[in-house]
Structures are given as structure tokens and as C-alpha cells.
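Following: one structure in C-alpha cells, then a few remarks.
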Amino acid sequence: MDSLSERSSRPALSDFLTLAEFESAAQQVMAHPVYEYVAGGAGDEISLRANQAAFDRILLWPRVLRKVIPVETSTTLFGKKLPVPILLAPVAYQGLMHPDGELATVRGAATTGVPFVVSTNTTVPIEELASAAKAPLWFQLYLQRDRGFTQELIQRLEAAGCDALCVTVDTPVLGLRLRQLRAHFRLPPEMKRPHSHDLHADPASVSDPGAYSNVLWSDIDWLRSITKMKLVLKGVLHPEDAEEALQHQVDGLIVSNHGARNLDSVVPTIEALPRIAERVAGRVPVLMDGGIRRGTDVLKSLARGATAVLIGRSYAYALSVGGAEGVAHCLRLLRAEFEYALALVGVASIAELDRAIEWRS
Ligand SMILES: Cc1cc2nc3c(=O)[nH]c(=O)nc-3n(C[C@H](O)[C@H](O)[C@H](O)COP(=O)(O)O)c2cc1C
């Protein structure tokens with residue numbers, strides 16, 4: 001019996017009509033500490049709530065009697081055509097969420113043509129993922145103190161055909177993730193982590209960052225000098241940092257607050273996005289993540305200057321509920337919602353989206 005049929009007492013995937021529905025179903029499937037690890041944010045979770053609330057505050061102002069059918073959702077990113085401006089964000093330890101782990105995610109992404117950003121903390125080696133991939137694969141890098149290890153890893157990523165190296169720059173230390181601490185979240189000792197040394201820090205101490213490296217601009221220069229992959233910085237919130245990134249020959253930026261898992265009270269990403277998009281002014285793609293749960297959230301992000309968005313928790317929940325098919329269903333739902341949103345706001349293609357769709361009182 002495979003793992004999906006073992007789960008047959010659960011609702012059929014076709015019963016899931018929104019991304020939000022995956023969370024409650026996932027809560028039933030996941031061990032409690034794992035659910036707390038995925039769902040939790042840092043500190044008092046002010047920013048976790050704010051990421052979504054900031055989207056809710058943006059109201060739409062549609063135009064009518066325009067030709068909106070067929071809607072065109074495709075876009076080009078780093079020379080590749082994407083069916084929809086959506087990527088799967090790096091989410092660590094997917095072996096905790098489904099027995100097939102990241103392999104299920106890559107298969108789900110394949111059926112929808114959506115790029116998958118594989119976490120440094122993947123439980124499946126990159127070569128295995130690459131052989132199952134039918135859509136672009138990116139790799140998210142936590143720079144580790146051992147430079148030789150990182151350099152070898154980058155060679156493996158290039159050999160496997162990864163398109164982009166996405167360096168996470170918002171985690172000089174891990175945030176205080178109280179829910180996972182209270183739930184005594186621990187990685188099972190048998191969990192494989194083929195691309196990370198022991199990254200585990202003492203959560204009660206900032207001065208014990210484990211094997212994490214406090215990434216500096218000079219490290220970005222070093223990475224730039226040793227790879228031809230597209231170099232993307234994930235976790236930029238300030239336009240001055242965006243500007244500096246461009247001086248360091250970075251190819252793209254992700255406006256992200258790490259799903260509100262690091263610094264609490266940090267600005268919601270949809271609020272931070274416009275100033276960065278304005279500053280970058282089209283010189284490189286600006287992506288964003290944090291709080292995206294609906295097609296209208298994708299619409300609002302693109303209207304505020306994002307080239308594409310990433311989703312994190314939503315597909316992690318879908319993965320735990322339905323493996324590859326769950327991830328594919330989650331992506332199909334978001335794509336359909338986005339198509340509805342575009343047509344109903346009166347815009348036929350994403351190239352035409354701008355802040356004119358936002359209500360201004
Ligand atoms: C369980 C979990 C694990 C994550 N692991 C990583 C990671 O390994 N590297 C990284 O850069 N971001 C990681 N993130 C952050 C996501 O890439 C992304 O920024 C965030 O989830 C987006 O917000 P959303 O969950 O509201 O969609 C993780 C997020 C979650 C929920």
C-alpha cells in the first residue's frame with residue numbers, strides 16, 4: 001500500500017478548494033512538533049500575522065468592459081518561460097512532512113512547470129532531485145563556515161543543472177522560534193541532510209550559531225567569483241541593501257522576512273516591496289515571499305513590482321497531506337485563483353499590472 005492510499009480516510013484532494021484548507025488537514029497528519037516547526041513564527045508572531053494582514057488591507061479597484069479573456073499568466077525569469085509567476089520557496093527537512101520528502105515536491109512542481117528552490121537542508125540529494133525535475137531547480141544556500149564544503153557543493157549544483165544559487169542573507173542567527181521550542185521539536189537522528197554540516201545552534205544563545213556563517217558582502221563577492229549560476233539574494237528588505245546587491249553583481253533579489261521566522265516586528269514583505277522595486281527599477285528581477293495564500297495576493301505582489309512570488313508553508317502543508325499530488329493541487333489552485341483575479345480586476349496579462357488596480361481612498 002503506498003503512502004497516499006494509506007491516507008485514504010482523509011478528504012480527497014479535489015475537496016480542497018483553497019490553500020488555507022491544507023493547513024488544518026496537515027495539522028491532523030503531522031506530528032505536533034513538526035506542525036509547530038512549520039506553522040510557527042518568531043517571538044510573539046507579530047510579523048507572522050502582519051505578513052497576511054498587510055495583504056488583506058490592500059483593496060482592489062477593478063476596471064470593466066476590457067478584453068480579459070484569455071488571461072496570460074506566463075512570464076520569463078532568467079531566460080526561462082514560467083507558466084505562472086510562482087515558485088516554491090526553500091523549506092527545510094521535507095522528509096519530516098512526507099516520506100518522499102523533496103522528491104515529492106519536485107514531482108509536484110514538474111506537473112505544473114513551477115521552479116523549486118531546494119533548501120540547503122534538503123533531505124534528498126540534489127542529483128536525485130535534478131533527475132526527477134521537469135521545471136527549473138534553484139538551490140538555496142546557507143553559507144557554511146567550511147568554504148571548501150561550500151565550493152564542492154556549488155560544483156555539484158552546477159553539474160546537476162541548477163539554474164540559480166539563492167543565498168539566504170537574513171539569518172546570521174536563527175530567530176527565536178518559541179513554538180517549536182515549546183513543542184520540543186527535534187530532528188530525528190536518522191534524518192538525512194546530504195548538503196549541510198550540523199547547522200544546529202543552541203536556540204537560547206546568539207553566540208552559538210552552530211555551523212551557520214554570518215554572511216557578509218565579501219562572501220557574496222566570493223560566491224560571485226566561483227559560480228556562473230544566477231546569484232539571487234533572499235531576505236532583502238531595505239532598498240539600500242538592494243542597491244548594494246546590484247553593486248556586487250547579484251542577478252536577482254527576493255524580498256523576504258523568512259516567513260516571519262527570524263526577526264519579529266519586522267516589516268511585512270508586501271509593505272517593503274514597493275520601495276525595493278522602485279529602487280531596483282527593473283535592473284534585475286525582484287521576487288517576494290511571505291503570507292501569500294491567495295491568487296489575489298499574487299496579483300497584489302505583481303502590481304507592487306514583483307516579477308514573481310514564492311510560497312512556503314502552503315505547499316509544505318499540501319505536501320504532508322498529499323505528497324506530489326498535494327503540491328501539484330496546491331499550485332493548480334493558486335494558479336486558477338490568480339487567473340480569476342486577473343480577469344476580474346480587468347487586466348489580461350501580467351505585463352499590464354501596476355498599482356492602478358489598488359483602491360486609493
Ligand atoms: C518549515 C519552513 C522551513 C523553511 N526553511 C527555509 C530554509 O531552509 N531556507 C530559507 O531560506 N528559508 C526557509 N524558510 C522560509 C521560506 O523559504 C519562505 O521565506 C517563507 O516560508 C515564506 O512565507 P510563507 O510561509 O508565508 O509562504 C522556511 C520556511 C518554513 C515554513
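Nothing here was measured: the structure is a model prediction, and the numbers come from that model. Ligands are counted one by one from 1 in listed order, and the atoms in each one are counted from 1 as well.
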Non-hydrogen side-chain atoms of Tyr93 and Leu187 separated by less than 4.5 Å: yes

Side-chain atoms of residues 338-346: list all donor-acceptor pairs with protein atoms under 3.5 Å, sequence neighbours left out, distances to 0.1 Å.
from   : atom 1 : to     : atom 2 : distance (Å)
Glu339 : OE2    : Arg335 : NE     : 3.3

Heavy-atom nearest neighbour of atom 26 (O) of ligand 1 within options Gly235, Ser314, Gly291: Gly291

Shortest protein heavy-atom distance from atom 12 (N) of ligand 1, along with the residue and atom involved: Lys234 NZ, 2.9 Å

Distance-only side-chain donor-acceptor flag, Tyr317 / Gln27, under 3.5 Å: no

Ser256: numbered ligand 1 atoms lying under 4.0 Å from its heavy atoms: 19 (O)

Flag for Thr105-Glu102: side-chain donor and acceptor within less than 3.5 Å: no

Close-contact set for ligand 1 against Val91 heavy atoms, below 4.0 Å: 1 (C), 2 (C), 3 (C), 4 (C), 5 (N)

Ser119: numbered ligand 1 atoms lying under 4.0 Å from its heavy atoms: 7 (C), 8 (O)

4.0 Å heavy-atom contact, Tyr142 with ligand 1: yes

Region of Arg261 engaging ligand 1 - heavy atom pairs below 4.0 Å: side chain

Six-ring centre of Trp61, Arg360 cation under 6.0 angstrom, axis tolerance 45°: no

Close side-chain approach of Ile86 to Leu310, heavy-atom, < 4.5 Å: no

Atom 18 (C) of ligand 1 - nearest protein heavy atom and its distance: Asp289 OD2, 3.2 Å

Which segment of Arg313 sits under 4.0 Å of ligand 1 when only heavy atoms are counted: both

Enumerated ligand 1 atoms positioned under 4.0 Å from heavy atoms of Thr168: 10 (C), 11 (O)

Flag if over 12 foreign heavy atoms under 6.0 Å of CZ, Arg186: no

Ligand 1 atoms in contact with Tyr37 (distance to a heavy atom under 4.0 Å): 1 (C), 3 (C)

Pair His195 + Phe139: ring centers closer than 6.0 Å: yes

For atom 16 (C) of ligand 1, closest protein heavy-atom neighbour: Pro90 O, 3.3 Å

Residues Arg279 and Asp241 bridged, charged N to O under 4.0 Å: no

Protein contact to atom 21 (O) of ligand 1 [nearest heavy atom, distance to 0.1 Å]: Gly312 CA, 3.6 Å

Main-chain N/O of Ile311 paired to Ser314 side chain as donor or acceptor, under 3.5 Å: no

Atom 3 (C) of ligand 1 - nearest protein heavy atom and its distance: Ala92 N, 3.5 Å

Non-hydrogen atom of Arg293 closer than 4.0 Å to ligand 1: yes

Per-atom contacts, ligand 1 versus Gly259 - under 4.0 Å to a heavy atom: 19 (O), 20 (C), 22 (C), 23 (O)

